[in-house]
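Working notes for the structure below.
None of these values were measured; they are calculated from a predicted model.
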Amino acid sequence: FSPDKGNVVFTAAFDCWGFGVNKFVSLWSTKLGVSKSILKKYIFDDYAFNPTTKKLFKCNPTDHPNVKPMFASMILDPIWQMY
């Protein structure tokens, strides 16, 4: 399985919901003004989004201790907020 191939899904059978990577990439690319292909390529890597410059940057925990990678901030945090 590989997120950049679009064959990864997130589900909660108990709560009857699920979505694929493409759904989140489409949502966030429109909201952030970033290309879908670029976002899809880097959303599962250690990259963060700078809203001021509208650019992605490598977020190294030692250089940027308070910055979350895009996967955590754009996918995991919204899921955790539901629960």
Before giving the answer on side chain to side chain contact (heavy atoms under 4.5 Å, CB included), spell out for Asp15 and Met82 the whole-Å C-alpha distance, their side-chain angles and the decisive distance to 0.1 Å. CA-CA 11 Å; Asp15 294 322; Met82 290 189 307; over 6 Å; no
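Interatomic distance, Asn50 CG to Lys55 NZ, rounded to the nearest 0.5 Å: 9.5 Å. Taking OG of Ser26 as the reference point, atom CG of Leu39 lies at 9.5 Å (rounded to 0.5 Å). Taking SG from Cys59 and CE from Met70, the interatomic distance works out to 8.5 Å, rounded to the nearest 0.5 Å.
With hydrophobic clusters built from ILVMFWY side chains whose heavy atoms lie under 4.5 angstrom apart, Phe44 does not share a cluster with Val9. Val67 and Trp80 end up in different hydrophobic clusters when Ile, Leu, Val, Met, Phe, Trp and Tyr side chains are linked at under 4.5 Å.
Within a 6.0 Å radius of NZ in Lys58, more than 12 heavy atoms belonging to other residues, nucleotides or ligands are found. The environment of Tyr83 atom OH is dense: over 12 non-hydrogen atoms of other residues, nucleotides or ligands sit within 6.0 angstrom.
Partner of Phe10 under the ring pair (Phe, Tyr, Trp, His ring centres under 6.0 Å) criterion, chosen from Phe24, Trp17, Phe19: Phe19.
Remark: Ser35 pairs with Ser37, Ile38 by the side-chain contact (heavy atoms from CB on, under 4.5 Å) rule, at least two apart or across chains. Applying the side-chain contact (heavy atoms from CB on, under 4.5 Å) rule to Leu32 yields the partners Trp28, Val34, Phe49, Met74; only residues at least two apart in sequence or on another chain are considered.
Here the closest non-hydrogen pair linking Ser73 and Pro78 is O-CD, 3.7 Å.
Residue pairs satisfying the side chain to side chain donor-acceptor pair (under 3.5 Å) criterion with at least one member in residues 40-49, sequence neighbours excluded, are listed as follows: Asn22-Lys40.
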